[in-house]
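The figures that follow rest on heavy atoms only: side chains count, while hydrogens, waters and symmetry mates do not. Note that ligands are numbered from 1 as they come in the structure, with each ligand's atoms numbered from 1 the same way.
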Amino acid sequence: MADLLTADAVREELGRLPDWSGDPTAIGRTAQLGSFPAAIAVVDRVATVAEELDHHPDIDIRWRTLTFRCVTHSAGGVTHRDIELARQIDDIVRSAA
Ligand SMILES: C[C@H](O)[C@H](O)[C@H]1CNC2=NC(N)=NC(=O)C2=N1
């Protein structure tokens, strides 16, 4: 089971994830896509990566705005698994329509 990151570690990781914010309890970001279908296509690609990582984000879908929240539920806070998932989400959003 992954270890919880300290507040300093989370702060350091967020320094490399400029679109994300949060604290040791969870990290999150929003993403504005160009259309609802484009947002859903991003969610579908994130779902594939989440399955590959066996690590799943909370996703809020509101028309073209996606809100991702990552926390390791089994650890009750942020672990390196959330940081890796956040990086993967950024890659998908960056390459989206
Ligand atoms: C059995 C399976 O590996 C676990 O339930 C995984 C699935 N995806 C998960 N996702 C997240 N965010 N936290 C978890 O603790 C978690 N656990």
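- Looking at T48, its side chain does come within 3.5 Å of a backbone N or O of D44 through a donor-acceptor pair.
- Side-chain contact check for D23 and T25: at least one donor-acceptor pair (N or O, by modelled atom type) lies under 3.5 Å.
- Checking E51 against H56 by side-chain atom types alone, a donor-acceptor pair falls below 3.5 Å.
- At distances below 3.5 Å, not a single donor-acceptor pair connects side-chain atoms of T72 with backbone N or O atoms of S74.
- Judged by distance alone, the side chain of D91 and the main-chain N or O of Q88 form no donor-acceptor pair under 3.5 Å.
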What are the atom names and distances for all N or O pairs under 3.5 Å between ligand 1 and the protein?
unit_1, atom_1, unit_2, atom_2, d
ligand 1, 3 (O), D54, OD1, 3.3
ligand 1, 3 (O), D54, OD2, 2.3
ligand 1, 8 (N), D54, O, 3.4
ligand 1, 8 (N), H56, ND1, 2.8
ligand 1, 10 (N), H56, N, 3.0
ligand 1, 12 (N), H56, O, 2.9
ligand 1, 12 (N), V71, O, 2.8
ligand 1, 13 (N), H73, N, 3.1
ligand 1, 13 (N), H73, ND1, 3.4
ligand 1, 15 (O), H73, N, 3.3
ligand 1, 15 (O), S74, N, 2.9
ligand 1, 15 (O), S74, OG, 3.1

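- With sequence neighbours left out, the side chain to side chain donor-acceptor pair (under 3.5 Å) criterion links S95 to R45.
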